[in-house]
Amino acid sequence: MIVHLDMDAFFASVEQLDHPELRGKPVIIGGGSRGVVSTASYEARVYGVRSAMPVATARKLCPQGIFVRGRMRRYAELSHRIMAALQDFSPLVEPASVDEAYLDATGLERLFGPPERLLPAIKARVAEVTGGLTCSVGAAPVKFLAKICSEVNKPDGIFILRPEDVDAFLLPLAVERLPGVGRRMARELHALGVSRVEQLRRYSPQFMESRFGKWGRELLRRAHGIDPRPVCPEHAAKSESAETTFAEDTRDRAFLEKKLLAHAERVGASLRRHGWQGRTVTLKIKFANFRQITRSRTLPEPICATQSIFDIARDLLRQEALPLPVRLIGLGVSGFESPPPKQALLPGLPCPDGHDPQQEARRLRLDKALDKLRQKFGKQAVQRGRLFSPPD
């Protein structure tokens, strides 16, 4: 039995918990006029406000909404408490995000009784360690069904799906309810006459793979209730990224490059703090018309030095024509290797893609010295000249 726990409107609920005057009011996490909504309280969702919606749209739908920029440090603090509380029930806990997690409950009946007793006990423990926050939990034989089940009776709900009831529950579901089926995939399935899971089962694995690739075959397995993924307590990071949405759209390349350097500083520091290096640097650009592009470059050796990350991102930016003003710019590093390999290029050997391991090592020594200074004296103790802004 797999349990999926999902906190109810987590960020907004934390704000209402810490600020009682916000309780019962439409709270929307997302500041400024150019950003997107992170979370909306259930009072705000009545007006149609949803996560990932532009803040400007949310303001139109809910002009009486209370907009809060959010406090990630506070949310992370409570998230750690929640994950630790789940460990009281099972050692097999897999955080899926800051506000949701899977728990392998197989065999826990001997300790905590049947699911009808276990799930309320989990909810009560989470409320205890957070000071009263609610969550919704679902239990099912496999992970993706447990996630769907946690959504059935939101908010503050419980839903238990037993093995003998899987088909009766799964067959009439809209295909959009299957995790991984987004708007584009749903449109393609509807074009095939598939709107419910039972209709998806009519197709063969060969057809699904020829039409949708490997994901098509996986989707068909889920339509049959198959999901062999275990609950994995250790979840390796796949990427590290940073991005900024501007108050005004811009084509100013010097400004864009300065923002990329700030992102490279932030991403590089995080990589070094965790002991990570990555091979792939990705540039993300969103234009004024909301069209988004990404451009990537993969290196022969992994990197984590700020200047190296910036050099590649800047080069990718300079190759773009920027047909429209830019609304958002970001960069990410992925393709992690742990532990990172030692640089072994011999002196004088040509470096593919301009990558120089010896230069990377020099830059890394500088970065580590800067990291130590900032850790001791604060983030503003030492800054790169290009990012320095004199005080007013």
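Contacts of Arg71 classified as salt bridge (charged side-chain N to carboxylate O under 4.0 Å, His left out), with partners at least two apart in sequence or in another chain: Glu15, Asp18. For Asp104, the side chain to side chain donor-acceptor pair (under 3.5 Å) partners two or more places apart in sequence, or in a different chain, are Thr106. Judged as a side-chain contact (heavy atoms from CB on, under 4.5 Å), and not counting sequence neighbours, the contacts of Gln319 are Arg297, Asp315. Thr306 pairs by the side-chain contact (heavy atoms from CB on, under 4.5 Å) definition with Leu261, Ala264, Glu265, Arg272, Asp367, Arg384, not counting sequence neighbours. Every residue two or more places apart in sequence or in another chain that forms a side-chain contact (heavy atoms from CB on, under 4.5 Å) with Arg177 is listed here: Ile148, Glu151, Val152, Leu173, Ala174. Qualifying salt bridge (charged side-chain N to carboxylate O under 4.0 Å, His left out) partners for Arg221, counting only residues two or more places apart in sequence or in other chains: Glu218. For Ser41, the side chain to side chain donor-acceptor pair (under 3.5 Å) criterion is met by Glu43, not counting sequence neighbours. Shown here are the ring pair (Phe, Tyr, Trp, His ring centres under 6.0 Å) partners of Phe112, two or more places apart in sequence or in another chain: Phe89. Here Arg251 pairs with nothing under the side chain to side chain donor-acceptor pair (under 3.5 Å) rule; sequence neighbours left out. In this structure, the salt bridge (charged side-chain N to carboxylate O under 4.0 Å, His left out) partners of Glu116, at least two apart in sequence or on a different chain, are Arg162. Partners of Arg187 by salt bridge (charged side-chain N to carboxylate O under 4.0 Å, His left out), not counting sequence neighbours: none found.
Between Tyr203 and Phe212, the distance from one ring center to the other does not fall under 6.0 angstrom.
A heavy-atom distance below 4.5 Å is not found between the side chains of Val49 and Pro26. Side-chain contact check for Glu243 versus Lys286: every heavy-atom pair is 4.5 Å or farther apart. For the pair Phe11 and Val27, the minimum side-chain heavy-atom distance is 4.5 Å or more.
What you find for Met53 and Gly48 is that their closest heavy atoms are CE-O, 3.2 Å. Between Gly278 and Phe336 the shortest heavy-atom distance is CA-CD2, 3.8 Å.
Distance check, rounded to the nearest 0.5 Å: NZ of Lys259 to NE2 of His263 gives 7.0 Å. Expressed to the nearest 0.5 Å, how far OG of Ser308 lies from CD of Gln277 amounts to 10.0 Å. In this structure, Ile285 CD1 and Leu331 CG are separated by 11.0 Å, a value rounded to the nearest 0.5 Å. Here the straight-line distance linking atom NZ of Lys143 with atom SG of Cys232 works out to 5.5 Å at 0.5 Å rounding.
For the 3.5 Å distance criterion, the side chains of Asp8 and Ser136 qualify, holding a donor opposite an acceptor.
Ion pair Glu128/Arg125 flagged as a salt bridge, since at least one NZ, NE, NH1 or NH2 atom sits closer than 4.0 Å to an Asp/Glu carboxylate oxygen. Salt bridge present: Lys123 and Asp156 bring a charged side-chain N and a carboxylate O closer than 4.0 Å. Between Glu77 and Arg81, at least one side-chain nitrogen of the basic residue sits less than 4.0 Å from a carboxylate oxygen of the acidic one, meeting the salt-bridge criterion. Ion pairing of Asp371 with Lys368 is absent here, as no side-chain N (NZ or NE/NH1/NH2) approaches a carboxylate O to less than 4.0 Å. The existence of a salt bridge linking Lys147 and Asp227 is excluded, since no basic side-chain nitrogen approaches an acidic carboxylate oxygen closer than 4.0 Å.
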Return a table of donor-acceptor pairs under 3.5 angstrom between the side chains of residues 60-70 and protein atoms on other chains or two or more places apart.
{"unit_1": "Gln64", "atom_1": "NE2", "unit_2": "Tyr47", "atom_2": "OH", "d": "2.9"}

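Ile293 and Phe246 fall within the same hydrophobic cluster, where Ile, Leu, Val, Met, Phe, Trp and Tyr residues are linked whenever their side-chain heavy atoms come under 4.5 Å apart, directly or through other members.
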| Stepwise side chain to side chain contact (heavy atoms under 4.5 Å, CB included) check, Phe287 with Val326 | CA-CA 4 Å; Phe287 294 105; Val326 174; 4.3 Å; yes
| request: Carefully, step by step, assess Thr39 and Ser51 under the rule side-chain hydrogen bond (donor to acceptor under 3.5 Å, both in side chains). | output: CA-CA 5 Å; Thr39 312; Ser51 299; 4.9 Å; no
